[in-house]
Undergrad: 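My questions all concern the structure below.
Scope of the values below: all heavy atoms of this structure, side chains included, with no hydrogens, waters or symmetry mates. Residue numbers start from 1 in every chain, and the chains themselves are labelled A, B, ... in the order their sequence lines are given, proteins ahead of strands. In this text, all values refer to a predicted model and were calculated from it rather than measured experimentally.
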Amino acid sequence: MSDQPKSMDEIMALCKRRGFIFQASEIYGGIQGFWDYGPLGAQLKKNLRDAWWDDVVMTGCRGQAGPDGQPIRIVPVDSCIIQNPKVWEASGHLAGFADPMRKCPGCGHFVRADHLWDLLAESSVWFNDLIQVFDPHTGGIDSPRLLQWAKSKGKRLAPNLALVRQPEVTLSWLATRVQGQPGVPPDMKELTRYIATEQLHETGLQEPCPRCGAPLGEPAPFKLMFESYAGLTQDEDNKVYLRPETAQGIFINYKNVLDSTRVKVPFGIAQTGKAFRNEVTPRNFTFRSREFEQMEIEFFCHPDESRKWYEFWRDWRMNWWESLGLAGVNLQLREHDADELAHYAKTGAGTSDIEYRFPFTAPGFGELEGVADRTDFDLRQHMEHSGAKLEYFDQERNERYLPHVIEPSAGLDRGVLAAICEAFTPDPDRPSKVYMKFHPRLSPIKAAVFPLVKKDGMPEVGEKLRAELVRRFGRLGSIDFDEKQSIGKRYARMDEAGCPFCFTIDGDTMQDQTVTVRHRDTLAQDRIALDAVLAYLGEKLGL
RNA sequence: GCGGGCGUAGCUCAAUGGUAGAGCGUCAGCCUUCCAAGCUGAAUGUUGCCGGUUCGAGUCCGGUCGCCCGCUCCA
């Protein structure tokens, strides 16, 4: 395989041309961060969702045994997009999804308030240059050198920093402070605040923009959850939120499921559905959409067994994506470092991402699915906020506990995008110049039937075969039938749509009851019996 | 939110400030016994949207919306 990234422009053009993905509200000029699926895209997405549902829910990991040697039990729910707002209070989203952001008046830069000092230390060019100027032995203040820095490198690196704009004034405030409390030298943060402040009496101490040094504005909440109102009056009492993840709908139904479904820990609850996030920067086609669909499992287990279930799910989910054709150098499993663990993840417990190398992330990778050990964080939060008793009594262990949760959370739209990117295969040697190498399970068109010419009874035989194929496979995807124009043109069309098999009726069919199978990926042609086509396709589709 | 680039037919792109075009695709008919996208013909545009300059704007100017790239963000 070539290391050259595929062209995202060409992929997007094909998606529009063949009806996979359209820009939402296109005739009105579009709307940022929203995408619609066309006929082929909608079927492709359904096929991926169905593959997940069948393999996870219906067959419990395709009948595979879990790490305890027992069958895996997963039951589905379908919860509302809008829930009582207290759900998001308990989950942490109301606070966490409204991160205070600070805007820089100098360069328009947005900075997360709680990341400011890390950003300064780690990625601010001017800050890292400036700290070299302090006395290397004592860390003390060397005013002449600061003045020199302000008038030379500072002008270039941090043009809006108070120290650079008004060095004498700024340094005089600093000197006053140092002389005022000689026994308590200012630490790095205080020093930084002083050199960011011009008008101390008017503004108080200020904090600088990591990029240009200008004093940052006050922190303001940055709302990442969509809001609406349930009720006719649009007041605070009626405010509701569109869910930013489907997971919470599972946690809040955990007790209902236990009480109604005779499941025993360990077991899982699965759900697919839309979620909404007001992304700061929707970009990269459908990768970061504001409305997107998730496929989530919350798997409940005994706290002592969370590690082995985490490892099981991490590996099985990776294996699942591979089974759908994403195997190879474009798929990787990445275990998180300790410092990027989410707020709910236990230190030392696992969080990993299954990542795909999209053309727009290459040579890097973009997240397809996250597998996280959420511990008992969510159930505990909901138990505390709601007052409901969510503990589980384990009869076999004779023990009452709050289960730990392993969460494999996949992005359906991202999966579709990965499948499209993976399938997209330029080939200058074939008429279409490109073909979509979908795994047969995902292909929106499962097969096509072509009478080689529109005479001698071939259309009639083809029509009969088409009807049989529709009866048997029509619920999995469409069966195409085309008797117009040259056979090459029809094959070319199916290549772009990603149809894996074309069955062609020719003169020999009328004599010996055989047809040609034309393979999309290899262009090879086999001869099989007409009455073997159903079994043949069934086998190829993994049925 | 900032900086840069772009916006003309379904797609890829033409058109000195002076009547909006081509190729491909789509559709119809013909031809075709397996990749020769063949042959003939047809449909398709308020040039993203709004305003300004001009006798006249796809073209120049301002605004706005959207897309792409970089920064940023990504519980």
Side-chain angles (χ1 to χ4, degrees), chain A residues 7-10 12-19 22-35 38 88 91-99 101-112 114-115 119 123 209-212 217 220 222 224-225 244-245 247 277-285 287-288 340-345 353 360 366-367 370 372 374 377 427 429-433 435 450-456 458 483-496 502-511 515-520 523-527:
Chain A
S7 158
M8 212 53 216
D9 285 346
E10 284 177 29
M12 291 172 72
L14 183 138
C15 281
K16 178 168 187 187
R17 185 167 71 245
R18 287 298 167 192
F22 306 125
Q23 190 184 15
S25 313
E26 192 185 80
I27 63 172
Y28 287 102
I31 175 168
Q32 203 181 14
F34 296 88
W35 300 89
W88 311 114
S91 70
H93 287 90
L94 207 47
F97 255 27
D99 292 324
M101 301 289 286
R102 302 181 67 176
K103 191 183 178 184
C104 170
C107 65
H109 201 59
F110 266 102
V111 180
R112 251 183 74 170
D114 57 339
H115 285 183
L119 282 170
S123 57
C209 169
R211 188 190 286 186
C212 74
F222 202 90
L224 292 175
M225 275 199 291
E245 63 173 25
R277 296 182 192 180
N278 231 335
E279 298 287 355
V280 180
T281 310
R283 207 164 276 194
N284 288 331
F285 204 21
F287 184 77
R288 185 163 291 136
E340 42 173 344
L341 290 178
H343 65 277
Y344 49 74
D353 284 347
F360 48 80
E367 182 182 349
R374 294 182 75 126
F377 177 87
D427 180 358
D429 294 334
R430 63 173 77 196
S432 58
K433 306 299 180 204
Y435 64 106
F450 297 151
L452 188 57
V453 290
K454 196 168 54 174
K455 61 182 182 187
D456 299 339
M458 293 180 208
E483 55 183 9
K484 309 229 176 201
Q485 302 185 314
S486 74
I487 191 73
K489 191 166 188 168
R490 285 177 272 170
Y491 286 152
R493 258 198 287 257
M494 287 301 104
D495 280 347
E496 277 206 330
C502 297
F503 299 100
T504 301
I505 286 83
D506 60 16
D508 291 347
T509 307
M510 316 313 287
Q511 307 302 320
V515 297
T516 300
V517 189
R518 185 265 191 184
H519 297 260
R520 174 195 64 200
L523 305 178
Q525 299 190 350
D526 296 334
R527 200 78 196 173

Undergrad: Expressed in whole Å, how much space separates the C1' atoms belonging to rG58(B) and rC6(B)?
TA: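 Nearest-Å result for rG58(B) against rC6(B) at atom C1': 15 Å.
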Undergrad: rG56(B) and rG1(B): how far apart are their C1' atoms, nearest whole angstrom?
TA: 40 Å
Undergrad: May I ask you to check if Arg520(A) and Tyr435(A) form a cation-pi contact, with NZ or CZ under 6.0 angstrom from the six-membered ring centre and within 45° of the axis?
TA: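 Cation-pi check for Arg520(A) and Tyr435(A): fails.
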Undergrad: Any chance you could list the contact pattern along nucleotides 33-42 of chain B? Use B for base contacts, S for sugar-phosphate-only contacts and - for none, protein heavy atoms under 4.0 Å, 5' to 3'.
TA: BBB-B-----
Undergrad: How about Cys502(A) and Tyr491(A): do any of their side-chain heavy atoms sit closer than 4.5 Å?
TA: yes
Undergrad: If you look at every heavy atom in Pro451(A) and Arg490(A), which pair is closest and at what distance?
TA: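 Of all heavy-atom pairs spanning Pro451(A) and Arg490(A), the closest is O-NH1, 2.8 Å.
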Undergrad: What integer number of Å spans the C1' atoms of rC49(B) and rC35(B)?
TA: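 Straight-line distance between the two C1' atoms is 44 Å.
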Undergrad: Please state the P separation for the pair rU32(B) and rU40(B) - nearest whole angstrom.
TA: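 The answer is 16 Å between these two P atoms.
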Undergrad: Could you pick out which residue, Met8(A) or Gln23(A), lies toward the 5' side of RNA chain B when each is mapped onto its nearest nucleotide?
TA: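 The residue closer to the strand's 5' end, by nearest nucleotide, is Gln23(A).
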Undergrad: Under 4.0 Å from OP1 or OP2 of rC74(B): is there any side-chain N or O of Asn278(A) that close?
TA: no
Undergrad: Measure from CZ on Arg17(A) to P on rA9(B) and round the result to the nearest Å.
TA: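 Checked: the CZ to P distance equals 15 Å.
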Undergrad: Do Asp495(A) and Arg430(A) have side chains that approach each other closer than 4.5 Å (heavy atoms only, starting at C-beta)?
TA: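 Of all side-chain heavy-atom pairs linking Arg430(A) with Asp495(A), at least one is under 4.5 Å.
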Undergrad: Sticking with atom C1', work out how far rG23(B) lies from rU8(B), rounded to a whole angstrom.
TA: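 It works out to 15 Å between them.
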Undergrad: Between Lys16(A) and rG10(B), is there a side-chain N or O to OP1/OP2 distance below 4.0 Å?
TA: no
Undergrad: For Met12(A) and rC11(B), what is the distance between atoms CE and C1' respectively, to the nearest whole Å?
TA: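 Checked: the CE to C1' distance equals 13 Å.
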Undergrad: Both atom distances under 3.5 Å, Watson-Crick or G-U wobble: I'd like the secondary structure of RNA chain B as a dot-bracket string, with | for pairs made across strands.
TA: (((((((..((((....[..)))).(((((.......))))).....(((((..]....))))))))))))....
Undergrad: Could you state the atom-to-atom distance from CZ of Arg288(A) to P of rC68(B) in whole Å?
TA: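 Roughly 12 Å, once rounded to whole Å.
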Undergrad: Taking C-beta and beyond as the side chain, do Arg18(A) and Arg493(A) meet within less than 4.5 Å on heavy atoms?
TA: yes
Undergrad: Can you spot which of Val515(A), Leu452(A), Val517(A) makes a side-chain contact (heavy atoms from CB on, under 4.5 Å) with Thr504(A)?
TA: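 Filter result, single survivor: Leu452(A).
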Undergrad: Base, sugar-phosphate or nothing for Gly19(A)? Non-hydrogen atoms, less than 4.0 Å.
TA: nothing
Undergrad: Do you know the tightest heavy-atom contact between Ile31(A) and Ser25(A)?
TA: CG2-OG, 3.6 Å
Undergrad: Atom CG of Leu94(A) and atom C1' of rA75(B): how far apart are they, to the nearest Å?
TA: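 One finds 12 Å between C1' of rA75(B) and CG of Leu94(A), rounded.
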Undergrad: Are side-chain heavy atoms of Gln23(A) and Lys16(A) found at a separation under 4.5 Å?
TA: no
Undergrad: Distance check, C1' atoms only: rG51(B) and rA15(B), in whole angstrom units.
TA: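 Result for the C1' pair: 25 Å, nearest Å.
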Undergrad: Does Lys484(A) have a side-chain nitrogen or oxygen under 4.0 Å from the phosphate oxygens OP1 or OP2 of rC27(B)?
TA: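 Result: no.
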Undergrad: For Glu483(A) and rC30(B), what is the distance between atoms CD and P respectively, to the nearest whole Å?
TA: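 Result: 11 Å.
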Undergrad: To the nearest Å, how far apart are Phe287(A) CZ and rC69(B) P?
TA: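 Going from CZ in Phe287(A) over to P in rC69(B) covers 12 Å.
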Undergrad: Just to confirm, is there a sub-4.0 Å distance from OP1 or OP2 of rC67(B) to any side-chain nitrogen or oxygen of Gln32(A)?
TA: yes
Undergrad: Taking atom C1' of rC74(B) as reference, at what distance in whole Å does atom CG of Asp353(A) sit?
TA: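 So the CG-C1' distance, Asp353(A) to rC74(B), works out to 11 Å.
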Undergrad: Do the side chains of Lys433(A) and Asp427(A) get nearer than 4.5 Å, heavy atoms only?
TA: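 SC-SC contact between Asp427(A) and Lys433(A) ruled out.
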Undergrad: Say we look at rG45(B) and rA9(B): how far apart would their P atoms be, to the nearest angstrom?
TA: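 My reading of the P atoms in rG45(B) and rA9(B) gives 10 Å.
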Undergrad: For the backbone of Thr509(A) and the side chain of Asp506(A), can you confirm whether one donor and one acceptor N or O come within less than 3.5 Å of each other?
TA: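 Yes; at least one donor-acceptor contact below 3.5 Å.
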Undergrad: Expressed as a whole number of Å, how far does the C1' atom of rU53(B) sit from that of rC61(B)?
TA: 7 Å
Undergrad: Measure the distance from CZ on Phe34(A) to P on rC67(B) and round it to the nearest whole Å.
TA: 11 Å
Undergrad: Minimum heavy-atom separation for Met12(A) to Phe285(A), with atom names?
TA: CE-CD1, 3.6 Å
